[in-house]
Amino acid sequence: MGVPLVERLLAENVRIIYKPHPLTGKRSAEASAADRRIRELLRADEDRHMADARPRLQEIRARLDEMSGRHEGDDAQQLRDARMPGPDGAAEWQELHAEWHRLFWASRSGARHHVILEQLPTLYECFNQADILISD
């Protein structure tokens, strides 16, 4: 059902933010194939419009990861082991986090589609950018 839905939304020129569950396709070959197809449909547009912002986004992400201790393992392990910086780094953390999200969304126009596979932008930041949510 996901692929036809995305195809219909694309035909209507609807902006799509696709953030699949981290375990999507792990137990079902059909879900895995659908996930791959949706990513194919959306990825080309995302890549074309991210070139200018990508270096600064990567720089900010590296600093946030350094501050939180995220260096090893998959996303689940990094989330489990991550920590917020102490009082001395809290202001820098908040500023960098806000700048990352501001740059990320500013680097994309309202008509572009996005495949979100990492921790940033957060799920709630994706909600904030959406006019409608389609979920399972």
| task | Answer whether the closest heavy-atom distance between the side chains of Trp105 and Glu125 falls below 4.5 Å. | result | yes
| For Ser32, which residues count as a side-chain hydrogen bond (donor to acceptor under 3.5 Å, both in side chains) partner, sequence neighbours excluded? | Arg36
| Are Leu123 and Leu133 connected in a single hydrophobic cluster, I mean Ile/Leu/Val/Met/Phe/Trp/Tyr linked by side-chain heavy atoms less than 4.5 Å apart? | yes
| request: Identify, with sequence neighbours excluded, every residue that meets side-chain hydrogen bond (donor to acceptor under 3.5 Å, both in side chains) alongside Glu59. | output: Arg56
| query | Could you give all pairs that pass the ring pair (Phe, Tyr, Trp, His ring centres under 6.0 Å) test and reach residues 115-136, with sequence neighbours left out? | reply | Tyr124-Phe127
| Can you tell me how far CG of Leu42 sits from CZ of Arg37, rounded to the nearest 0.5 angstrom? | 9.5 Å
| With sequence neighbours excluded, what pairs up with His97 under the side chain to side chain contact (heavy atoms under 4.5 Å, CB included) test? | Leu64, Trp93, His101, Leu120, Thr122
| query | Which salt bridge (Lys or Arg N to Asp or Glu O under 4.0 Å) pairs, counting each pair once, include a residue from residues 24-35, with sequence neighbours left out? | reply | Asp35-Arg39
| message | So, taking the atom named CD1 in Ile17 and the one named CD in Gln129, what distance separates them when rounded to the nearest 0.5 Å? | response | 6.0 Å
| field | Trace of the side chain to side chain contact (heavy atoms under 4.5 Å, CB included) decision for Phe104 with Ile116 | value | CA-CA 11 Å; Phe104 180 85; Ile116 311 295; 3.4 Å; yes
Please tabulate, for side-chain N and O atoms in residues 3-12, each donor-acceptor pair with protein atoms closer than 3.5 Å (sequence neighbours left out).
none

| task | Quick one: closest heavy-atom pair of Gly2 and Ile38, and the distance? | result | C-CD1, 3.9 Å
| task | Could you tell me whether a side-chain N or O of Thr24 sits under 3.5 Å from a main-chain N or O of His21, the two making a donor and an acceptor? | result | yes
| Looking at side-chain heavy atoms only, is the closest gap between Leu96 and Met67 below 4.5 Å? | yes
| field | By salt bridge (charged side-chain N to carboxylate O under 4.0 Å, His left out) - contacts of Arg63 (at least two apart) | value | Glu66, Glu92
| message | What I'd like to find out is whether the side chain of Pro22 reaches to under 4.5 Å of the side chain of Leu117, using heavy atoms alone. | response | no
| query | How long is the gap from CG on Leu57 to CD on Glu99, to the nearest 0.5 Å? | reply | 8.5 Å
